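What follows is a set of notes on a single structure, which appears directly below.
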Amino acid sequence: MTPHNRADKADIAPVVLAPGDPLRAKLVAEHFLSDARLVTDVRNMLGYTGFFKGQKVTVMATGMGGPSIGIYSYELFTTYDVKAIIRIGTCGGLQKQIGIGDLVCAMTASTDSAWAHQYNLKGTLSPCCDSELLFKAVDQAKQLGYPCHAGMVFSSDLFSSYNALGQESWKAWARMGALAQDMETYALYATAAWTAKRALSLLTMTDSCVSGEGFGPEMRSKGLFPMIEVALGVALEV
Ligand SMILES: O=P(O)(O)O[C@H]1O[C@H](CO)[C@@H](O)[C@H]1O
Ligand SMILES: O=c1cc[nH]c(=O)[nH]1
């Protein structure tokens, strides 16, 4: 137990799928897992543990932004001894070759946040994913026939559409090769590095900054199924 998680240690699987949205955790539990039960709901940050093809898997929400995923992932890695966290998130697309609904595997993340200041490094931290998880995810996506792009993402403290820097602020990150923008990958990868654990951020591009188009309300759940299938396939191999 922690201040933010009421699950017993034995109730959390070694691999955790981590969406930002608590209702996405519920959706995964109800549609993809068997014998899933709610193991934590502190602050409504829902967490379920069930089975996928016989393997115990936990899906727990992390909320929005680096500080929120920073708390949940740190507790999962340390108090719960979780081996690997696979984020299943949404993102804004920053490159025209990435279609709405395409998967993005974050090899590394850049950020505008001060997250890494706590590590007292004399330079800039570029935290990266676990390479084995990345290879398995790319392979799974290929096998299942889902378009998938691997590269750098930009994890921002600001939501892409609403910020005082203006509608064009994403373009400088796109110019440097960022595939997509989310809000959690940097803090997740840095926390995994700090705790010597494994992490992968698997994202679905739901809103294109390039075209202004995006998923409608129904696709914001159904359109995420390919990402969830890939993440569960990876979880089986961890
Ligand atoms: O869909 P999730 O996983 O919450 O991820 C993205 O969606 C939220 C913003 O709408 C931010 O958390 C961002 O990173
Ligand atoms: O961070 C995010 C998530 C989804 N869509 C965006 O535009 N940004």
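We count ligands from 1, going down the list as the structure has it; atoms in each ligand are counted the same way. Predicted, not measured: the structure shown is a model, and the values here were computed from it.
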Next on the checklist: Let's go through Ile88 and Leu224 carefully: what are the C-alpha distance in whole Å and the side-chain angles of both, what is the deciding distance for side-chain contact (heavy atoms from CB on, under 4.5 Å) to 0.1 Å, and is it a yes or a no?
Outcome noted: CA-CA 9 Å; Ile88 44 171; Leu224 308 185; over 6 Å; no
Checklist entry - Does ligand 1 have any atom sitting under 4.0 Å from a heavy atom of Gln181? => result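 Gln181 does not count as a contact of ligand 1 under the 4.0 Å cut-off.
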Can you tell me which residue and heavy atom of the protein come closest to [atom], and the distance to 0.1 Å?
atom: atom 7 (O) of ligand 1; result: Thr90 OG1, 3.2 Å
atom: atom 3 (O) of ligand 1; result: Arg87 NH1, 2.8 Å
atom: atom 11 (C) of ligand 1; result: Glu184 OE2, 3.5 Å
atom: atom 10 (O) of ligand 1; result: Phe159 CE1, 3.5 Å
atom: atom 8 (C) of ligand 1; result: Met64 SD, 3.6 Å
atom: atom 4 (O) of ligand 1; result: Gly20 CA, 3.4 Å

Next on the checklist: According to side-chain hydrogen bond (donor to acceptor under 3.5 Å, both in side chains), does anything in residues 47-56 pair up with another residue at least two apart or in another chain? List the pairs.
Outcome noted: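 side-chain hydrogen bond (donor to acceptor under 3.5 Å, both in side chains) check on residues 47-56 returns Thr49-Thr58.
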Please check whether [X] reaches ligand 1 - meaning an N/O of the residue sits under 3.5 Å from an N/O of the ligand, judged on distance alone.
X: Met183; result: yes
X: Asp182; result: no
X: Gly63; result: no

Checklist entry - Who else is in Leu125's hydrophobic cluster (ILVMFWY, side-chain heavy atoms under 4.5 Å, direct or via others)? => result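 Besides Leu125, the cluster holds Tyr74, Trp115, Tyr119, Leu121, Tyr186, Trp194.
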Checklist entry - Which residues, ordered by chain and number, are linked to Phe154 in its hydrophobic cluster, where ILVMFWY side chains connect at heavy-atom gaps below 4.5 Å, directly or through other members? => result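 For the cluster that includes Phe154, the remaining residues are Leu94, Trp170, Trp173, Val210.
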Please tabulate, one line per pair, the protein N or O atoms found under 3.5 Å from any N or O atom of ligand 2, giving the distance to one decimal.
from	atom 1	to	atom 2	distance (Å)
ligand 2	5 (N)	Asp207	OD2	2.7
ligand 2	7 (O)	Ser160	OG	2.5
ligand 2	8 (N)	Ser160	OG	3.2

Item to check | Point-to-point distance, once rounded to the nearest 0.5 Å, from CE of Met183 to CD1 of Ile69 | outcome: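 It is 11.5 Å, given to the nearest 0.5 Å.
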Item to check | Those atoms of ligand 1 less than 4.0 Å from some heavy atom in Gly89 | outcome: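 In order of number, 3 (O).
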Checklist entry - Using 30° and 60° as the class limits, which term best fits the ring planes of His4 and Tyr72: parallel, tilted or perpendicular? => result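 Because their plane-to-plane angle is over 60°, the rings of His4 and Tyr72 count as perpendicular.
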Next on the checklist: Tyr189 vs Leu200, test: side-chain contact (heavy atoms from CB on, under 4.5 Å). Steps then yes/no.
Outcome noted: CA-CA 8 Å; Tyr189 285 3; Leu200 176 68; 3.9 Å; yes
Checklist entry - Which heavy-atom pair separates Cys91 from Asp182 by the least distance, and what is that distance? => result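 That would be CB-CB, 4.3 Å.
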Checklist entry - How far apart are the closest heavy atoms of Cys129 and Leu134, and which atoms are they? => result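 Scanning both residues completely, I find the closest heavy atoms to be SG-CB, 3.7 Å.
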Item to check | Option passing side-chain contact (heavy atoms from CB on, under 4.5 Å) with Val104 (candidates Leu203, Thr185, Leu202, Thr204) | outcome: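 Exactly one candidate clears the test, Leu203.
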Checklist entry - Between Arg220 and Asp21, is there a salt bridge with N-O shorter than 4.0 Å? => result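 No.
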